[in-house]
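Please read all numbers here as calculations on a predicted model, not as lab measurements. Each chain gets a letter, A, B and so on, in the order the sequences are listed, and its residues count up from 1.
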Amino acid sequence: MLNLYNTLTRQKEPFRPMEPGKVRMYVCGMTVYDYCHLGHARVLVVFDMVYRYLLAQGYEVTYVRNITDIDDKIIRRAAENGEAIDALTGRFIQAMHEDADALGVLRPTHEPRATQHVHDILHMIQRLMDRGYAYVGENGDVYYSVSRFDGYGRLSGRRLEDLRAGERVAPDESKRDPLDFVLWKAAKPGEPAWDSPWGPGRPGWHIECSAMSTHYLGNHFDLHGGGQDLQFPHHENEIAQSEAATCEHFVNYWMHNGFVRVDEEKMSKSLGNFFTVRQVLEHYRPEEIRYFILGSHYRSPLNYNDQALEAARSALSRLYTALRGLEPAHPGDAGAPWRDRFNAAMDDDFNTPEALSVLFDLAREVNRLRQTDPQEAAPLAGCLKALGGILGLLQADPEGFFQQDGTGDAVDAAEIEALIQQRLEARQRRDFTEADRIRDDLKARGILLEDGPEGTTWRRG
RNA sequence: GGCUGGGUGGCAGAGUGGUGAUGCAGCGGCCUGCAAAGCCGUGUACAUGGGUUCGAUUCCCGUCCCAGCCUCCA
């Protein structure tokens with residue numbers, strides 16, 4: 001049985017979906033005005049892992065991950081670029097899809113965009129107005145009145161008075177309470193706008209997630225995820241909006257993934273210490289990034305540096321090495337002990353590091369058996385590949401993985417094969433000086449030769 | 001200032017009230033023409049001071065240190 005840490009209760013709880021066999025989950029996606037950085041990659045990969053595991057457990061999952069395609073930063077960036085807003089967002093949505101695809105992230109069931117749901121947003125704001133939770137400020141913006149909502153602060157463990165005492169709450173004349181947040185932003189001249197009962201404007205950020213999650217998943221659903229920094233205020237505000245508008249409990253389980261760090265510091269745009277996915281992909285294979293992300297527990301901080309990515313590369317190489325030269329067979333019962341351990345680890349709040357350690361134990365067993373009994377090794381290799389697949393790993397052809405050009409500096413495969421042949425001939429006439437020269441030359445070019453029982457194989461190292 | 005998390009062996013990173021993580025690196029051995037890969041073996045690790053306990057890295061309290069949220073942020 002799956003247990004997961006629920007931010008709402010600050011403890012691990014057994015996961016019981018509202019409808020047996022079906023899970024409805026919503027994850028806050030990105031605001032598309034720039035390329036994905038590793039922080040975004042972590043959200044994508046972590047919740048993809050959750051999605052895959054739920055699917056593997058036999059659940060029918062409706063997975064919604066939104067795209068914020070209208071907000072201040074987008075408007076500003078478009079203006080800076082002299083680019084139309086939809087051109088800008090279209091460009092970065094495509095880039096995000098490319099990055100997500102590269103990282104092996106499955107497409108969610110629905111990927112709604114805020115601009116396509118303005119109708120739902122207006123409808124929800126109207127309900128909040130009707131129920132007295134919203135008001136129009138002096139500047140024409142529509143605000144949510146935080147003090148009207150009893151449970152405000154529950155998710156993030158704060159009390160209103162503590163928040164008001166915080167030194168960083170900026171007073172705003174048009175708000176009744178500095179903690180109130182905007183539902184509808186009145187348009188300034190030249191800004192994109194939609195008509196509304198409160199004048200032309202655009203949605204505030206928080207309301208879109210309430211409106212879209214409700215639209216696709218109903219008023220009350222199972223699982224809501226996102227980065228830790230969304231816990232407050234974004235998710236707190238979502239709860240306030242949705243529960244005030246629908247009079248129903250909003251979400252049963254809240255999950256938040258930890259940050260990616262650089263030099264023990266949060267990776268963020270404002271600090272300028274971020275690495276985009278495509279920057280990292282210039283030096284590392286996508287699967288190495290995915291392994292790097294899953295090598296830490298999703299709630300822990302994840303420190304980014306080259307050594308960490310190198311370590312991911314080594315670890316992944318070991319797993320693929322175990323798969324090498326074997327035709328993965330249907331595991332049957334042979335893999336049961338490892339499958340059980342794997343599932344136990346995943347059931348414990350998605351403990352991917354522990355689950356990976358099971359994969360290494362399994363890889364050792366495969367390596368041990370392949371020498372003595374390849375018949376038995378094949379089903380275990382099948383198990384290894386299948387369990388890896390639940391994490392979105394190990395699905396490539398092993399030789400392809402070792403030989404693919406992950407790090408630039410292409411050496412022609414045909415040339416390598418020719419040199420291997422030359423070396424083989426040298427070895428046959430016991431000219432080891434020549435044989436070693438060929439091997440050393442290739443090594444200098446990043447190609448490692450390995451003599452096995454079935455001949456010489458090569459890989460990029 | 002308020003509120004959250006966390007400090008594990010050379011590094012990364014799980015976990016546990018009393019033998020095992022796992023990966024990388026190291027050391028010894030097997031295999032190999034030599035390597036590589038693989039296999040076998042190999043580590044007085046749990047910030048610090050108290051307390052609870054037959055026994056604590058694991059529970060409780062204090063201290064120090066780190067990160068995060070309280071403003072846009074994944």
Review point. Base, sugar-phosphate, or nothing for A:Ser270, non-hydrogen atoms under 4.0 angstrom?
Key: nothing

Practice item. Measure from CD1 on A:Ile74 to P on B:C73 and round the result to the nearest Å. Key: 11 Å

Point to revise | ring pair (Phe, Tyr, Trp, His ring centres under 6.0 Å) involving A:His110 - partner list, sequence neighbours excluded | key: A:Tyr216

Per-pair distances, 0.1 Å, donor-acceptor, side chain in residues 387-398 of chain A, under 3.5 Å, sequence neighbours excluded:
unit_1: A:Gln395; atom_1: NE2; unit_2: A:Lys385; atom_2: O; d: 2.9
unit_1: A:Gln395; atom_1: NE2; unit_2: A:Leu393; atom_2: O; d: 2.9
unit_1: A:Asp397; atom_1: OD2; unit_2: A:Glu399; atom_2: N; d: 3.4
unit_1: A:Asp397; atom_1: OD2; unit_2: A:Gly400; atom_2: N; d: 2.9

Revision key, fill the gap. Given protein heavy atoms under 4.0 Å, the one-letter contact record of nucleotides 21-34 of chain B, with B base, S sugar-phosphate only and - none, is simply BSSS--------BB

Practice item. Could you tell me whether the phosphate oxygens of B:G38, OP1 or OP2, come under 4.0 Å of any side-chain nitrogen or oxygen in A:Arg370? Key: no

Review point. From B:C69, B:A14, B:G38, pick the nucleotide closest to the side chain of A:Phe232?
Key: B:C69

Check your understanding: Cation over ring, A:Lys12 on A:Tyr5, under 6.0 Å and within 45°?
Key -> no

Study note, to complete from the structure: Per the 3.5 Å Watson-Crick/G-U criterion and a run length of at least three, the stems involving RNA chain B are B:1-7 with B:64-70, B:10-12 with B:22-24, B:26-30 with B:38-42, B:47-51 with B:59-63

Practice item. Please report, rounded to the nearest Å, how far the C1' atom of B:A67 is from the CE atom of A:Met267. Key: 15 Å

Review point. Taking atom types as they are modelled, is there a donor-acceptor pair under 3.5 Å from the base of B:C73 to the side chain of A:Lys73?
Key: no

Check your understanding: Salt bridge check: are A:Glu83 and A:Arg91 linked by an N-O gap of less than 4.0 Å?
Key -> yes

Practice item. Compare every heavy atom of A:Val142 with every heavy atom of A:Ala134, then report the nearest pair and how far apart it is. Key: CB-CG1, 4.2 Å

Practice item. Scan residues 384-404 of chain A for pairs that pass ring pair (Phe, Tyr, Trp, His ring centres under 6.0 Å), counting only residues two or more places apart or in two chains. Key: A:Tyr320-A:Phe401

Study note, to complete from the structure: Here the residues of residues 41-51 of chain A within 4.0 Å heavy-atom distance, strictly under, of RNA chain B are A:Val43

Practice item. Could you name each residue pair satisfying ring pair (Phe, Tyr, Trp, His ring centres under 6.0 Å) that touches residues 290-316 of chain A, not counting sequence neighbours? Key: A:Phe275-A:Tyr304

Exercise for review: May I have the distance from A:His256 (atom NE2) to B:C73 (atom C1'), rounded to whole angstrom?
Suggested key: 13 Å

Point to revise | Lys/Arg-Asp/Glu bridge criterion (N-O < 4.0 Å) met for A:Asp101, A:Arg107 | key: yes

Exercise for review: Assign A:Val27 to base, sugar-phosphate, or nothing according to its heavy-atom contacts below 4.0 angstrom with the strands shown.
Suggested key: nothing

Exercise for review: Please identify each residue that fulfils side chain to side chain donor-acceptor pair (under 3.5 Å) with A:Thr115, with sequence neighbours left out.
Suggested key: A:Asp69

Practice item. State, to 0.1 Å, how close A:Ser296 and A:Leu302 come at their nearest heavy-atom pair, and which atoms those are. Key: OG-CD1, 3.4 Å

Check your understanding: Listed by chain and number, what are the salt bridge (Lys or Arg N to Asp or Glu O under 4.0 Å) partners of A:Arg318, not counting sequence neighbours?
Key -> none

Review point. Taking the inter-plane angle between the rings of A:Tyr53 and A:Phe350 on a 0 to 90° scale, is it parallel (under 30°), tilted (30 to 60°) or perpendicular (over 60°)?
Key: perpendicular

Check your understanding: Under the salt bridge (charged side-chain N to carboxylate O under 4.0 Å, His left out) rule, what pairs show up with a residue in residues 25-47 of chain A, not counting sequence neighbours?
Key -> A:Asp34-A:Arg77, A:Asp34-A:Lys269

Check your understanding: Can you check the A:Asp71 CG to B:A74 P distance for me, whole Å?
Key -> 9 Å

Study note, to complete from the structure: Taken in chain and number order and not counting sequence neighbours, the residues that satisfy side chain to side chain donor-acceptor pair (under 3.5 Å) with A:Asp431 are none

Could you write out each protein N or O paired with an N or O of nucleotides 3-11 of chain B at a distance under 3.5 Å?
unit_1: B:C3; atom_1: O2'; unit_2: A:Gly157; atom_2: O; d: 3.3

Check your understanding: Whole Å only: how far is the OH atom of A:Tyr298 from the P atom of B:A14?
Key -> 13 Å

**Study point:** Distance, rounded to the nearest Å, where A:Leu384 contributes CG and B:G38 contributes P
**Key:** 13 Å

